[in-house]
Amino acid sequence: MQKIGVFVCHCGTNIAGTVDVKKVVEMAAKEPGVVHAEDYQYMCSEAGQSKIIAAIQEKGLTGVVVCSCSPRMHEATFRKAAEKAGLNPYMVEIANIREHCSWIHKDMQEATEKAVILARAAIAKVNLNAPLKAGESRVTKRALVIGGGIAGIQSALDIADAGYEVDIVEKTPSIGGRMSQLDKTFPTLDCSACILTPKMVEAAAHEKIHIYTFSEVEKVSGFVGDFTVDIRKKARSVDMDKCTGCGVCSEKCPSKKNPSEFNRGLGNRSAIYIPFAQAIPNVPVIDREQCIKFKTGKCGACSKVCQAGAIDYEQQDEIVTQKYGAIVVATGFDMIKLDKYDEYAYSQSKDVITSLELERLMNAAGPTGGHLERLSDGRAPKNIVFVQCVGSRCADERGKSYCSKICCMYTAKHAMLIRDKYPDTNVTVFYIDVRTPGKNFDEFYRRAVEDYGVNYVKGQVGKVLPQPDGSLLVQASDLLDNRQIKMEADLVVLAAAIEPNPDVRRIATMLTASIDTNNFLTEAHAKLRPVESPTAGIFLSGVCQGPKDIPETVAQAGAAAVKAIGLLAKDKLLTNPCTAQSDELLCNGCSQCANVCPYGAISYEEKLVNDHGIRETRRVAVVNNALCQGCGACTVTCPSGAMDLQGFSNRQIISEVDAICR
């Protein structure tokens, strides 16, 4: 039997306001093995930890139960305190009586009874605990950044500047991401390309950064400090070492009427193309689905005009396998599809566009050379209507329940740019609320209203109707004046919701990272660990974690880089001792545990087993403790009960259940 000390925290009034702390102490003191029980207002404080240390040393405690908040918050804190007192840190258990009791119950008696039960279960487990020792694993001094937008570029630069090798994997032919498609940025209205291009050039020239464009992460295995990643370098059909980026191949290509992804389908590109002028690398890629040579076996014009001999039709995809100590996810975002929003006539009229499409129309390198014009007839629009929150803050299943955060600001930016360049154009913005929470953001919005004369109407657009003369009839409501509005528009711009990159779910599965109901990657703790994934060694950068603007994205990219650097700076990491163990006498070699193990930690060996005096060679499961992360999947899958988890054995779990049911 252990000599257990129980320590109950008031957490100010977080716990004590709903739980009778004295009653919990009184009841815990009566449990088998408990030789000491006390309460304190803030057990996680230095004074509170000193009480735990003193009790361990003075009373020779062999186990500790702390009734406090979530182990996610302070389990490490109390384990370090126990270790400081000479007690094995894995002899400490946390009973979460804040989140599981005081925060969800209003009745003190009910909350107290539950707190006593949780304390009792933790005590029962400690009675069966055994000291565990963490192992060590090496750290590979190299980082992987998935995504080559501004978030990925900034993270890579910061990690590389700290002296570590970094690989950027970008699925499109060039780094740059969404920011490369923008014209100006708020709230300073400076050129997006002027900010981004130097960063792209710096990343490409950095001796510690290797860029894989037109590539995708195909497989991830391993664990924190020692990930093994397969990267598929898709065939560009162009030799990057030979190509000079002259552009003659694109000019001579006969297949030119292919929608440009970079211009959001508003312009065309050839089958062999460089996405945009500042692209890095400045090397074209052949779209094999549109290339006449790949479709019919004829043509080959690009190969004939290429003086460098860079065209390679036989080029195949290549798999690159590399080891990494840390992975930064910076997969970015896209706009939601508007096919469910027929009321805005997006699929019916060329003159109903999204905000990102407007960015391309206003960009000097865009399909219209920076001239704002109607796509239907090329005329300059005189009346422009912006519709806010299209698909954002939706109560129905068509859109997203969250605020996309950037729409109010970029609409104000668009309105100001239009009014500045085309002062005779009337601009009306229909909005639900104007949200401007950033530095100088509210002043920026007020400039649009007061200095540029943009007409903001609090109300919702119900319908956009294309008219026979080519104009658009906008039906909306003015909530402040309580009236219905019908107005003609030449151009309607929809501020569509943003959502995570469609690939994020596939990547999250490979990384065993968590995602929320909206497919944003989930952080380990919203306040204390906002750039870390719950999966150790995976860090989050940019909009993959949630909607944010460029300044916030760059800030988070730097934060993710710092966390990755902190990991890469270590030569070795302590491994989790709560790993699986196989009982050779019970194992029947069925392979079910190996099939469910997400870390590839289980293999099989032929071993000589002595079973009740009978010596026989048997196929049994063997666990690699360096790979095992203690997820427990194998223990619940094993049909013979041979698999058990150190620190969470079947006996320990059953003892907790028995204590709860008493």
Side-chain angles (χ1 to χ4, degrees), residues 4-31 34 36-56 61 63-84 87 89-127 129 514 516 522-530 532-534 578 647-648 652-653 655-657 659-662:
I4 301 170
V6 178
F7 302 87
V8 185
C9 182
H10 292 236
C11 198
T13 57
N14 269 311
I15 293 174
T18 312
V19 174
D20 186 342
V21 173
K22 299 293 183 184
K23 179 75 174 293
V24 177
V25 172
E26 178 188 338
M27 298 301 290
K30 300 176 182 178
E31 290 297 308
V34 176
H36 177 82
E38 66 174 303
D39 62 282
Y40 187 67
Q41 190 169 13
Y42 294 105
M43 198 60 72
C44 63
S45 66
E46 187 175 355
Q49 293 179 60
S50 297
K51 285 181 175 291
I52 296 174
I53 294 170
I56 293 171
L61 300 181
V64 168
V65 171
V66 183
C67 302
S68 60
C69 57
S70 166
R72 288 180 64 194
M73 294 284 287
H74 287 304
E75 184 176 59
T77 302
F78 295 124
R79 280 183 173 176
K80 287 177 182 176
E83 193 171 24
K84 189 175 181 181
L87 180 66
Y90 294 94
M91 298 302 291
V92 177
E93 288 295 326
I94 309 295
N96 184 359
I97 64 171
R98 187 181 71 173
E99 282 86 339
H100 291 174
C101 297
S102 62
W103 279 9
I104 61 172
H105 294 293
K106 295 182 179 179
D107 180 71
M108 177 167 282
Q109 182 179 349
E110 186 180 12
T112 303
E113 287 176 1
K114 188 174 181 181
V116 170
I117 291 171
L118 292 178
R120 200 161 64 205
I123 293 166
K125 184 174 186 295
V126 170
N127 267 314
N129 275 11
S514 302
D516 63 20
T522 305
E523 61 280 358
H525 192 285
K527 299 177 181 66
L528 302 181
R529 298 169 65 193
E532 301 172 63
S533 166
C578 299
F648 296 92
Q652 289 171 311
I653 300 301
S655 71
E656 288 188 279
V657 174
I660 290 170
C661 296
R662 266 196 286 156

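Treat the numbers as computed from the prediction; the structure is a model and nothing was measured.
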State whether the side chain of [X] and the backbone N or O of [Y] hold a donor-acceptor pair below 3.5 Å, judged by distance alone.
X: Gln652; Y: Phe648; value: yes
X: Thr13; Y: Ala16; value: no
X: Thr112; Y: Asp20; value: yes
X: Thr18; Y: Ile15; value: no
X: Glu38; Y: Phe7; value: no
X: His525; Y: Lys527; value: yes

Under the salt bridge (charged side-chain N to carboxylate O under 4.0 Å, His left out) test, residues paired with Lys80 that sit two or more places apart:
none
In terms of side-chain geometry, is the basic nitrogen of Lys125 or Glu93 positioned less than 4.0 Å from the acidic oxygen of its partner?
yes
If a pair satisfies side-chain hydrogen bond (donor to acceptor under 3.5 Å, both in side chains) and one of its residues is in residues 96-105, list it, with sequence neighbours excluded.
Asn14-Trp103
How far apart are the closest heavy atoms of [X] and [Y], and which atoms are they?
X: Leu118; Y: Cys101; result: CD1-SG, 3.7 Å
X: Ile94; Y: Ser68; result: CG2-OG, 3.9 Å
X: Gly647; Y: Cys578; result: CA-SG, 4.5 Å
X: Val34; Y: Ala29; result: CG1-CA, 3.8 Å
X: Ala121; Y: Glu656; result: O-CG, 3.3 Å
X: Cys9; Y: Gln41; result: SG-O, 3.6 Å

How long is the straight-line distance from [atom2] of [Y] back to [atom1] of [X], given to the nearest 0.5 Å?
X: Cys11; Y: Met73; atom1: SG; atom2: CE; value: 8.0 Å
X: Gln49; Y: His74; atom1: CD; atom2: NE2; value: 8.5 Å
X: Glu83; Y: Ile53; atom1: CD; atom2: CD1; value: 11.0 Å
X: Ile123; Y: Asn129; atom1: CD1; atom2: CG; value: 12.0 Å

The test is side chain to side chain contact (heavy atoms under 4.5 Å, CB included); show your working for Ile4 and Leu61 and say whether it passes.
CA-CA 6 Å; Ile4 301 170; Leu61 300 181; over 6 Å; no
Do [X] and [Y] come within less than 4.5 Å of each other through their side chains, counting heavy atoms only?
X: Glu31; Y: Val6; answer: no
X: Lys22; Y: Glu26; answer: no
X: Ser533; Y: Thr522; answer: no
X: Met43; Y: Val8; answer: no
X: Phe78; Y: Pro71; answer: no

Chi angles and distances behind the side chain to side chain contact (heavy atoms under 4.5 Å, CB included) call for Arg79, Tyr90:
CA-CA 7 Å; Arg79 280 183 173 176; Tyr90 294 94; 3.3 Å; yes
With side chain to side chain contact (heavy atoms under 4.5 Å, CB included) as the criterion, how do Val64 and Val126 come out once you've worked through the C-alpha distance, each side chain's angles and the decisive distance to 0.1 Å?
CA-CA 7 Å; Val64 168; Val126 170; over 6 Å; no
Is the NZ atom of Lys84 crowded by more than 12 outside heavy atoms at less than 6.0 Å?
no
